[in-house]
Amino acid sequence: MEAPVVVLATDDAQKRDALAVRQEVFIREQGVPPALELDEYDQTALHFVAYAGRRPIGAARLRPYDSDTGKVERVAVLADWRGKGVGRLLMAAVEREAAARGFVRLRLNAQTHAEPFYRKLGYETVSAVFEEAGIPHVTMVKTLNP
Ligand code: COA
């Protein structure tokens, strides 16, 4: 089996691949309404896609939050690929790109079940639990290495 690779989407086909992974994970598996899953930031955000060969198996997006801070959203790995390091690989690519673009820190709203995943990658919880799309979340932040 080919080792997964993560790319920054540069064309519409790759962006569609990111949306296909999100559709499978957030809309089909988690039951998030499509009208919430897709939003206006998809037009302007940076999209990352993890591929196993030609198959898209993971996705994430990055957008500006303020001048120093990037916001990571829609981090998803297909169920049959979880626990194999793909999420870690995606987040490493997001962090590299964010640092290269001058962001000092990253911020994200983690589904509480995923909090240990992000904590392992160096994110700290900075909020109480709140609901988004009917799912409990916490806000987490990480300072990037320059
Ligand atoms: N609880 C505790 N630890 C976890 C974890 C969890 N739910 N998920 C991953 N980890 C740990 C792994 O054990 C691994 O640790 P190790 O390197 O010491 O072995 C490390 O985090 C990296 O895990 P990785 O295999 O790269 O994670 P993944 O590819 O399974 O991706 C998610 C993690 C959260 C992206 C994936 O489970 C997912 O897509 N879930 C459904 C969608 C979702 O909820 N996304 C988060 C929205 S905020």
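Just follow the structure's listing: the first ligand is 1, and inside any ligand the first atom is 1. Numbers here are sequence positions counted from 1.
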Is there a heavy atom in Gln30 that sits closer than 4.0 Å to ligand 1?
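Per 4.0 Å heavy-atom rule, Gln30 contacts ligand 1.
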Under a 4.0 angstrom heavy-atom cut-off, which atoms of ligand 1 come close to [X]?
{"X": "Tyr118", "result": "46 (C), 48 (S)"}
{"X": "Lys120", "result": "11 (C), 15 (O), 16 (P), 18 (O), 20 (C), 21 (O)"}
{"X": "Ala76", "result": "39 (O)"}
{"X": "Asn109", "result": "48 (S)"}

[X] N/O to ligand 1 N/O under 3.5 Å:
{"X": "Val77", "answer": "yes"}
{"X": "Trp81", "answer": "no"}
{"X": "Gly83", "answer": "yes"}
{"X": "Gly87", "answer": "yes"}
{"X": "Gly85", "answer": "yes"}
{"X": "Gln111", "answer": "yes"}
{"X": "Val75", "answer": "yes"}

Among all protein heavy atoms, pick the one closest to atom 21 (O) of ligand 1 and tell me residue, atom and distance.
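So the nearest neighbour among protein heavy atoms is Phe117 CD1, 3.5 Å.
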Note, Tyr41 side chain near Lys71 side chain (heavy atom, < 4.5 Å):
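They are not in contact (no side-chain heavy atoms under 4.5 Å apart), so the answer is no.
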Quick one about Arg105 and Thr69 (side-chain donor to acceptor, distance below 3.5 Å, no hydrogens or angles considered), yes or no?
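Yes, because at least one side-chain N or O of Thr69 sits under 3.5 Å from a partner of the opposite role on Arg105.
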Heavy-atom pairs closer than 4.0 Å: do any link ligand 1 to the side chain of Val25, the backbone, both, or neither?
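Side chain only.
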Should the proximity of Arg82 to ligand 1, defined as any heavy atom under 4.0 Å, be assigned to the side chain, the backbone, both, or neither?
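Near ligand 1, Arg82 shows its backbone as well as its side chain.
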Scan Arg107, Met91, Glu115 and name whichever one has a side chain to side chain contact (heavy atoms under 4.5 Å, CB included) with Tyr123.
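That would be Met91.
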